[in-house]
Amino acid sequence: MILRSLMIAAWASAAMLTQLPLKAQAGEIHCHANENFNVAVREYDEEPGSQFAVTVLDGAEAPADCVFDAQGADIVIGEAGDPLWYGELTADFLVTTRSTGPEGDLVVFDLSTGEKVLDAPADEYDIEDGFISFWQRAGEATSATCPEYAENQANGFGSVILEHVAFDLQAKTLEKTGDTRCGATQ
């Protein structure tokens, strides 16, 4: 019974895909919206990353259908060769990551202006009270600066010094907390 239900669902999904316009089949599309913006995310077919079509909502409701329309968008972010991935939409900011491997970058765009306001070597982040906090790669570690250095080396990893920083979304400034730690890299 379950197998039959799964087969019917797969057939229905395939039938629905053949009815989509060709431009929608170029890559998988996901949409995210808040009260200010609608962001349609289209993954590239032949390479890693996504492109983002941003529409200002100006108090309107987000569209019911998830469609990627670069010509109708107010802002288009991303291009082939720059592997950006959707992270989060918060207030007027689109948070993305750039990566094709284990270490990547945190890239933030101010959607009210369309400008990139942060591009930092970091992998994980937290957003709270108008700040994005993250551990930024600050430089290579040594046995003198990293207690885990020998263990990382023995396991085939490198070591890096990570610096805890916070990006103030309103002021668009980066503030160092003074905290550092050692991390493993591939």
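This chain uses plain numbering: 1 for the first residue, then up along the sequence.
- For the pair V41 and Q51, the minimum side-chain heavy-atom distance is 4.5 Å or more.
- Nearest approach of T100 to P48, heavy atoms of both residues: CG2-CG, 3.6 Å.
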Begin with the C-alpha distance, continue with both residues' side-chain angles, and end with the deciding distance and a verdict on side-chain contact (heavy atoms from CB on, under 4.5 Å) for N36 and V56.
CA-CA 6 Å; N36 303 323; V56 178; over 6 Å; no
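- Of the possible polar contacts, none joining the T90 side chain to the F93 backbone as a donor-acceptor pair under 3.5 Å is found.
- Contact detail for A122 and F134: the closest heavy-atom pair is CB-CD1, 3.4 Å.
- The two residues G158 and Q153 come nearest to each other via the heavy atoms CA-OE1, 3.9 Å.
- Looking at V107 and T97, their side chains never come closer than 4.5 Å, going by heavy atoms from C-beta outward.
- D74 and T55 share no side-chain donor-acceptor pair at under 3.5 Å.
- Residues satisfying the side-chain hydrogen bond (donor to acceptor under 3.5 Å, both in side chains) test with S112, not counting sequence neighbours, are D110.
- By the 6.0 Å contact criterion, CD on E140 is open, its count of non-hydrogen atoms from other residues, nucleotides or ligands being 12 or less.
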Counting only pairs under 3.5 Å, give me each side-chain donor-acceptor contact of residues 176-186, with atom names and distances, residues two or more places apart or in other chains.
{"unit_1": "T177", "atom_1": "OG1", "unit_2": "H164", "atom_2": "O", "d": "2.9"}
{"unit_1": "T177", "atom_1": "OG1", "unit_2": "H164", "atom_2": "ND1", "d": "3.3"}
{"unit_1": "T177", "atom_1": "OG1", "unit_2": "D179", "atom_2": "N", "d": "3.2"}

Candidate pair S159 and N152, rule side chain to side chain donor-acceptor pair (under 3.5 Å), full reasoning:
CA-CA 7 Å; S159 297; N152 290 345; 2.9 Å; yes
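- Side-chain atoms of F167 and V117, non-hydrogen and from C-beta on, do get closer than 4.5 Å to each other.
- Between V54 and N38, the closest side-chain pair of non-hydrogen atoms is not below 4.5 Å.
- Taking hydrophobic clusters as Ile, Leu, Val, Met, Phe, Trp and Tyr residues chained together by side-chain heavy-atom distances below 4.5 Å, L169 does not share a cluster with F131.
- Linking Ile, Leu, Val, Met, Phe, Trp and Tyr whenever their side-chain heavy atoms come within less than 4.5 Å puts Y125 and L174 in one cluster.
- Interatomic distance, OG of S50 versus CD of E28, reported as 9.0 Å (0.5 Å rounding).
- A salt bridge links R137 and D105; the closest N-O separation between the charged side-chain nitrogens and carboxylate oxygens is under 4.0 Å.
- To the nearest 0.5 Å, atoms NZ (K172) and CG (L118) are separated by 12.0 Å.
- Looking at heavy atoms from C-beta onward, H32 lies in side-chain contact with Y86 at the 4.5 angstrom threshold.
- The structure places CG of N155 at 11.5 Å from CD of E148, a figure rounded to the nearest 0.5 Å.
- Proximity of V165 to E175: side-chain heavy atoms (C-beta onward) are nowhere separated by under 4.5 Å.
- Between L89 and L111 there is a side-chain heavy-atom pair separated by less than 4.5 Å.
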Check residues 76-85 and write down every donor-acceptor pair under 3.5 Å in which the side-chain atom is one partner and the other belongs to a residue at least two apart or another chain.
{"unit_1": "D82", "atom_1": "OD1", "unit_2": "R98", "atom_2": "NE", "d": "2.6"}
{"unit_1": "W85", "atom_1": "NE1", "unit_2": "P83", "atom_2": "O", "d": "3.4"}
{"unit_1": "W85", "atom_1": "NE1", "unit_2": "S99", "atom_2": "O", "d": "2.9"}

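- F109 and F52 fall within the same hydrophobic cluster, defined by Ile, Leu, Val, Met, Phe, Trp and Tyr side-chain heavy atoms under 4.5 Å apart, directly or through other members.
- Distance check: I161 CD1 to Q136 CD gives 13.0 Å after rounding to the nearest 0.5 Å.
- Using a 4.5 Å heavy-atom cutoff, the side chains of E151 and F157 are not in contact.
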